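Per chain, numbering begins at 1; letters A, B, ... match sequence-line order. Reckoned from all heavy atoms, side chains included, excluding hydrogens, waters and symmetry mates. Note that this is a predicted model, so its numbers are computed, not measured.
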Amino acid sequence: MSGLGRRFAALAVAAVATMSLGACSSTNSGGGTASGQVSDDDMIMVSAVRSLTNPYEAAWVEGSQAYADSLGIDLQTIVYNGDSQSALSQLQSVLAGGKTVLLNINPNTTADTPAIVNAVRAAGGYVVTQWSKPEDINPWDVGDNWVAYVTYNGQEEGYDTTQTLIDSMGGSGGVIALQGLLANDISQSRFAGFEQALGEQSGVTLLDQQPADFDRNKAYTTTQTLLNQYGDQVTGIWAATDSMALGALQAVTEAGRAGQVKIASAADATPEGLQAIQDGNMVATYTTDPYYNGAMGLALCYQAATGALDVGSLPHEDRAFYVSQTLITADNVADYATPPTAEQIVDSVQDPLGRNDGALS
Amino acid sequence: MTAPLLELRNVTKRFGATTALDDVSITVHQHEVVGLIGENGAGKSTLLKMLAGLHRPDGGQVLLSGDPVDLGSPARAARLGIGVVHQEQSLLPNLRVAENLLLGHEGDALRAGFFRRKRLEAAAAEALATVESKVSPASLTEDLTFAERQMVEVARAVASRRPGRPPLVVLDEPTSVLEAEDVAVLKRQVMALREVGSVIFVSHRLDEVLDFSDRVYVLRDGKVVGERTSQDATEADLFRMMIGRDSSAGFYDEGRQRPADPDAVPVLSVKDLSRRGQYSGVSFDIRPGEVLGLVGVIGSGREQVSRAIFGAEPHDEGSIVLDGQPLRLRTPAAAVRSGIAYVPAERRVEGMVGGATVAENIALVHPGRGPVVLPARRRVVAQEWAERLDIRPRDTAADMARLSGGNQQKAALARWVLADDLRLLILDHPTRGLDIGAKEDLYKLFRDLCERGIGILLLADTLDEAIGMSHSVIVMKDGQVTARFENTAVDGKPQPIQLLEKMM
Amino acid sequence: MSATPVHDVATLEQQSTVSRPKNNRRLLLSAGPAVALVVLAVAFAVLTPGFATVNNARAIVEQASIPLVLAMGSTLVVLLGSVDLSVEGVMAACGLTFVLLASNNRNDNDLGWLAFVIAIGVGAVFGVVNGLIHTRIRVPSFMVTLGTWFIGLGMATVLFGTTTPQLQDQTFRAWAGGRWLGVPVVIVFAALVTVGAFVVCRYSKLGRYTYAIGGDEAVSRVAGIPVNRFKVIVFCLAGALSGLGGVLATIRLGVGDVSVGSGQLFLTLSAVVLGGTLLSGGRGGPLHTLVGVLILVVLGNGLLLSGANPYVQQAAQGLVIVIAVIATGWPVRDRLRVVK
Amino acid sequence: MSTVATTSTPTREPISSSKPATPRTARPWRQLLPLGILVALVLAVSLAEPAFLRTNSLTVVANQAIPILLLGLGQMFVVLVGGIDLSSAALASLTTVLVATWLPGMGGAALVLTLVALTVVGLITGALVAWGQVPSFVISLGALGFWGAVSLVVSGSTTIYVSQGYGSISWLTNMGIAGVSSAIILSVALVAVIWAVMRYTPRGNVFHVVGLNERAALMAGVRARWVKTAAFGLSGLFAGLAGIVLTAQQQSGAPQLGDALLLPAIAAAVVGGCAITGGIGGPWRVLVGALVVTVLRVGGAVAGIDPNYQQIIYGAVVILAVALTIDRTRLSIIK
């Protein structure tokens with residue numbers, strides 16, 4: 001850069017700094033405020049998700065919106081498209097807006113949690129994180145601003161869906177397992193549940209297990225290859241999510257073995273997955289009720305901010321816990337065919353701890 | 001009398017502050033070969049680029065057969081019948097010869113966007129036949145020798161003409177890389193072209209210009225400074241007009257050639273150097289202050305030998321001893337550290353870094369000692385050498401690629417000679433494509449270096465150059481040394497014909 | 001007079017070291033990847049049960065089909081010396097366009113074949129935009145197509161709305177796993193595209209000019225080739241092929257999905273380069289790319305069947321790529337060779 | 001990506017149809033353009049969301065830019081010599097895993113060890129590229145796969161939270177002067193050091209020279225193969241630095257933590273004005289480029305653009321930014 005460039009850079013920096021000096025007086029004094037009485041007008045609700053083209057997260061945002069609307073508080077949706085940096089930056093800019101932030105977030109990776117909760121704490125907001133966090137950091141270590149961490153028992157999902165799969169296979173045969181990304185904790189716990197269920201019986205054997213990265217296409221090609229290798233030995237496929245199960249279904253259908261090979265998904269209950277269960281192409285999936293997830297996190301934050309919930313006095317099992325969830329099979333799939341109304345969603349989170357299914361194991 | 005085929009009337013072309021062409025008027029009649037000479041920077045290239053449709057004149061008129069025309073683009077110039085063979089080759093190495101020949105004007109060899117290969121190759125073969133080239137139209141261009149490619153270029157310039165328009169073929173330095181028999185073929189071709197159209201012939205070789213042309217224009221500093229018919233002109237006349245003064249006596253500065261001390265330890269001693277399939281048993285010594293000329297035709301192996309001494313190519317057997325120290329060179333970098341320098345023939349590809357400044361190029365080999373070198377210091381060093389070698393422009397912050405060939409070559413040499421520990425300088429066609437003035441400057445520099453006790457291995461551009469410059473001449477043929485003419489400063493110089501006998 | 005050389009009988013030109021590569025060297029470079037493919041296939045056939053079966057061979061070809069369609073477009077662009085990073089975005093935009101125009105569960109459209117054509121047209125438009133911005137505004141293709149990659153993804157996101165659109169057109173649904181004359185539909189498309197790309201590159205003006213431009217753009221311009229126009233056409237073709245790839249992948253999934261192309265860019269670009277088409281342009285071609293795609297698909301398939309730990313598979317994939325490239329290039333190494 | 005080129009047989013220099021260029025100093029405003037774009041972007045975002053202009057937000061953006069800047073600087077060396085390093089972001093991920101694994105036991109020594117390891121990893125890639133004489137695109141792609149797998153194995157494919165020993169790196173994000181973190185200060189200092197070394201040392205321009213004409217550099221006795229190897233070694237080193245900053249920012253290491261930063265890092269180098277064909281570029285350009293890319297990445301969201309349209313805007317602005325900033329005078333052919 002030329003000398004002129006450098007001088008210009010210095011000028012620009014100086015100008016920006018001057019402008020910001022005038023503006024920063026209104027910044028919220030940050031840091032570890034106890035549960036307090038913040039008025040609704042000073043609040044902004046934030047729901048942060050990876051993408052809106054994922055049915056689970058789209059429903060989550062709908063739940064958040066319903067709850068925010070019921071209180072008349074603005075909701076800002078952060079979509080970070082799998083980019084941790086983008087998530088944090090967007091959050092920071094909302095925090096810098098000066099209002100008390102109530103954040104319900106599905107972090108991009110486990111590793112993002114510390115940075116997110118620290119940022120919210122520094123600005124005096126409230127946050128509920130969902131799905132994943134590093135094992136040795138907990139809300140009560142950080143303070144009241146991290147109201148709670150909630151997640152869903154992946155092992156249970158894996159276990160129950162595998163049971164259903166084994167039953168549908170008549171208790172014998174060979175099964176293929178498709179995991180998500182190798183580095184993903186949730187996928188790992190679901191697979192642990194799968195292995196547990198498989199270990200408790202002897203009729204069904206594990207032929208092969210491969211990572212399909214949550215990717216429908218990869219699940220398709222992997223299944224296609226494995227079907228070729230194991231042929232008629234394969235009578236069941238277990239996948240960690242609906243999208244991978246649907247990819248596997250495609251390969252099974254193309255191989256002309258639809259119906260012969262049973263397929264179970266451990267999670268997501270996407271409309272397509274539900275449809276497949278109704279059509280008899282899949283035997284199971286699991287729902288964590290995304291509408292509830294989206295609203296509940298905000299409800300916890302709201303109650304903490306208004307003082308309705310004294311976070312500091314909550315026991316640890318109410319700060320980090322599993323949320324109850326439901327196995328969906330052909331028997332109950334009809335109940336989940338239609339999404340809940342806004343009223344139903346708001347009603348369901350009046351007691352945001354109501355679906356606490358116990359402390360993390 | 002019919003209108004001249006081409007007429008330039010008071011054409012002017014400026015680039016920023018510099019005037020490249022200043023009120024130039026040139027006429028080319030039908031059935032005429034017009035020679036165009038001038039030093040580097042005299043405006044020849046600008047004029048040619050204008051004819052090729054690459055530059056538009058700022059003032060004046062271009063008339064073809066009496067009609068004012070706008071050459072606009074290369075395609076348009078070609079359509080109007082002007083075919084230019086550029087000095088730098090402009091064939092695409094990854095295409096076949098036939099495709100290259102007809103690129104952009106395939107005519108009926110294309111149907112519905114697809115090539116009719118037979119027709120294409122037939123048309124190409126026809127064009128090649130006109131220049132007596134035996135190259136197969138189906139062969140890949142990168143497999144051709146340089147001379148073969150040159151002939152393809154000439155063929156292309158001829159082939160691009162449109163029926164109904166007499167062709168005007170512009171040959172820019174066509175002979176500088178051709179062998180003797182090819183030059184003869186070219187001469188025949190030029191004469192044949194004259195039967196149907198006209199030729200503009202640009203060359204540094206005054207004898208060739210006189211031999212090929214009917215009339216000669218001389219350019220200097222962007223102006224036409226003279227026009228002669230070939231019968232009336234001598235080389236001396238042309239030289240004087242080009243340079244603006246008489247040729248200094250002793251073109252090769254032979255007066256300064258001192259016999260090398262026969263007892264001195266050779267700077268370089270090569271013994272039985274061999275590489276399978278390329279050359280074998282090559283031995284010679286170069287003493288301090290001695291110029292050794294290595295001559296031979298393509299395939300003689302002389303270039304491989306010189307590159308092996310620089311570590312740029314491997315050799316199988318034999319020894320290379322520098323100042324009594326045996327060398328085992330695996331890379332050019334190792335050679336450079338030993339005090340060997342190499343000025344490659346392919347200047348733009350191997351000899352200089354385009355995009356970097358002249359100062360950076362000069363500092364390339366010896367960037368200076370110590371942890372810190374201030375850019376100002378580097379500029380000062382570069383400036384000194386720019387003065388000493390008369391590099392123009394003096395602006396050492398200019399992009400190397402913008403300099404003319406001669407000035408590039410001087411800068412490329414400066415980076416080697418500025419070091420005190422230089423022992424051996426390998427010159428591969430150091431004066432190729434340079435004008436006479438620049439050549440003279442370089443010859444002086446070489447003599448200076450000899451006086452510093454540096455040995456020079458010269459792969460000369462011409463036999464005359466080899467004879468004129470060298471203390472000893474070694475002739476190679478088919479990878480073998482076939483003749484040695486040593487101590488020529490005392491015993492007398494060999495005649496070109498003597499060398500030729502051993503080369504062919 | 002002595003001023004000029006009189007006896008210029010010979011300018012003893014010696015160019016062979018610089019301007020004259022050996023013929024066999026080029027052959028080695030071209031044949032190398034094919035040899036690597038054969039070695040890989042033989043190794044897997046010997047070591048991995050289940051690899052050398054008819055069904056698995058068919059699966060390999062099927063899995064290579066969509067990458068092949070995409071890679072042919074990519075090859076043309078790379079032959080120009082440019083690059084098209086927008087593949088995944090264009091696939092997503094075209095895939096969603098297709099689903100939403102064909103019979104689906106989100107709206108009442110039912111354009112049938114027209115949806116197929118329009119979707120590919122959208123891809124072509126993306127290509128033309130790439131080409132125009134690249135040539136007219138003179139922005140490196142790397143950055144242009146990086147931008148349109150995100151624009152494509154964004155458009156797909158907007159089209160996606162809030163619920164997954166499902167393809168309901170029975171004709172197209174039947175393509176997934178369906179056959180024409182006994183050949184799986186995707187393979188038919190891949191074969192047509194590959195043969196088409198080969199013919200274009202070998203025999204057409206477009207193809208040969210593409211090589212010319214990639215070989216030396218300035219020279220091509222001087223020769224009167226309308227370089228910009230041909231670049232736009234090539235980008236347009238590549239966009240259309242990305243669109244076709246997106247539509248085929250969407251048909252296979254049966255739903256519109258923004259991430260339909262995820263991972264395809266690296267796969268196809270690696271295949272192009274691995275096959276021996278140089279990123280600098282002008283050398284290589286569709287057959288090289290065919291080999292490159294097959295190498296990557298065979299490698300993935302074989303490692304999967306080998307039953308190796310997934311980590312080992314990923315590491316092995318990386319190592320094999322490195323070894324294959326170095327081994328095939330080893331015979332043509334040279335002290336002064338420049339490779340970037 | 002005209003990035004990458006192989007020519008075993010150089011063709012002769014083409015006749016150029018470009019006009020003789022103005023001297024390189026003739027248009028200083030060109031060099032200011034990337035900076036202008038940066039200021040314009042910041043202002044545009046602030047118009048929509050005035051809170052963006054607060055020091056707090058701006059330092060956040062600066063902090064976010066650091067990993068991209070460091071990766072971009074590493075990428076710069078490779079791009080300067082005419083190559084590309086697809087493995088650098090994956091190496092940053094590997095770094096976070098190594099640092100998080102080693103910090104509890106070794107403390108600060110873990111950082112040194114990691115940087116040494118990453119430099120060696122980079123050098124290996126470089127040596128394969130330089131002496132194998134194969135395209136860097138493919139070799140670094142292979143390295144990406146290989147080292148990605150190593151990250152997964154070392155970490156047990158999970159996120160490693162750093163509690164014990166975090167003090168050794170926390171100062172990078174927690175400490176600083178006037179709200180500017182030490183990571184920012186150090187990175188800018190690093191940019192200045194690279195610039196000074198490139199400008200004021202005898203061999204400082206060697207990456208540029210090799211990138212402009214590798215063959216001529218070889219023939220001038222420059223050890224071009226070593227230079228290329230060194231470029232990849234530096235890319236590894238900077239990936240290590242970026243990984244350490246990431247670990248400090250996230251207080252954890254994970255096998256795919258930095259993977260998403262590959263394209264932003266390359267884009268930072270290009271937006272700043274480094275030619276992807278090699279030979280042109282410098283650290284200040286990468287600094288500005290990294291800031292532009294970071295503002296682009298977060299600006300749309302901060303300005304409150306509908307999330308559905310953010311990617312479209314992002315893509316369009318990337319093209320626009322490059323179209324405005326790229327210096328065409330030194331590139332006669334744009335690939």
Side-chain angles (χ1 to χ4, degrees), chain C residues 18-21 25 80-83 85 89 133-134 137-144 146-155 157-158 215-219 221-222 266 270 273-274 278-281 311-312 314-315 317-322 325-326 329-330 332-334 336-340, chain D residues 1-12 14-17 82-83 128-129 132-139 141-150 152-153 157 214-215 218-219 263 267 270-271 276 278 308-316 318-319 322-323 326 328 332-335:
Chain C
V18 179
S19 56
R20 197 180 194 189
R25 173 175 273 211
L80 279 178
S82 304
V83 75
L85 302 184
I133 296 177
H134 169 49
I137 314 183
R138 310 221 314 141
V139 180
S141 56
F142 183 89
M143 294 310 297
V144 178
L146 183 71
T148 47
W149 175 1
F150 288 102
I151 293 176
L153 283 182
M155 277 182 54
T157 309
V158 172
D216 195 321
E217 194 174 321
V219 168
R221 240 178 246 283
V222 171
F266 262 20
S270 324
V273 177
L274 199 57
L278 303 187
L279 283 168
S280 50
Y311 303 131
V312 177
Q314 190 186 338
Q317 201 150 357
L319 275 185
V320 170
I321 289 175
V322 169
V325 171
I326 294 184
W330 198 258
V332 295
R333 285 166 79 260
D334 179 280
L336 296 180
R337 186 148 166 262
V338 172
V339 176
K340 285 180 172 175
Chain D
M1 170 161 350
S2 54
T3 12
V4 196
T6 318
T7 20
S8 52
T9 44
T11 53
R12 304 209 95 202
I15 12 160
S16 165
S17 56
L128 288 173
V129 169
Q133 300 182 2
V134 282
S136 54
F137 184 91
V138 189
I139 295 298
L141 184 77
L144 163 73
F146 183 82
W147 297 112
V150 170
L152 284 166
V153 172
S157 43
E214 184 174 340
R215 208 179 165 99
L218 271 167
M219 294 299 275
L263 279 170
V270 177
V271 170
I276 203 96
N308 283 314
Y309 292 90
Q310 276 173 22
Q311 283 179 309
I312 300 181
I313 308 272
Y314 174 67
V318 164
I319 297 175
V322 179
I326 188 172
R328 297 172 181 81
S332 58
I333 288 178
I334 311 270
K335 278 188 167 178

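- Judged by distance alone, the side chain of C:H134 and the main-chain N or O of C:P140 form no donor-acceptor pair under 3.5 Å.
- Using a 4.5 Å heavy-atom cutoff, the side chains of D:L263 and C:W149 are in contact.
- In terms of non-hydrogen atom pairs under 4.5 Å with chain C, the most contact-rich of D:A267, D:A143, D:S157 is D:S157.
- Shortest non-hydrogen contact noted between C:S82 and C:S141 is CB-OG, 3.3 Å.
- The CZ atom of D:F146 sits 10.5 Å away from the CD atom of C:Q314 when rounded to the nearest 0.5 Å.
- Note on C:I321, C:I326, C:L274, C:L146: by heavy-atom pairs under 4.5 Å with chain D, the leading option is C:I326.
- Contacts with chain D were tallied for C:V273, C:V312, C:T148; C:V273 has the most, counting heavy-atom pairs under 4.5 Å.
- The part of D:L141 that comes within reach of chain C is its side chain, from C-beta onward, which places non-hydrogen atoms under 4.5 angstrom from that chain.
- Ranked by heavy-atom pairs under 4.5 Å with chain C, the list D:V271, D:L218, D:V318 is led by D:L218.
- Residue C:V325 is tested with D:V138, D:L128, D:V129 for a side chain to side chain contact (heavy atoms under 4.5 Å, CB included); the sole match is D:V138.
- The heavy-atom pair separating C:I137 from D:A323 by the smallest distance is CG2-CB, 3.9 Å.
- For chain D, the nearby part of C:I133 is the side chain; its heavy atoms alone come within less than 4.5 Å.
- Residue D:I139 touches chain C through both its backbone and its side chain, counting heavy-atom pairs closer than 4.5 Å.
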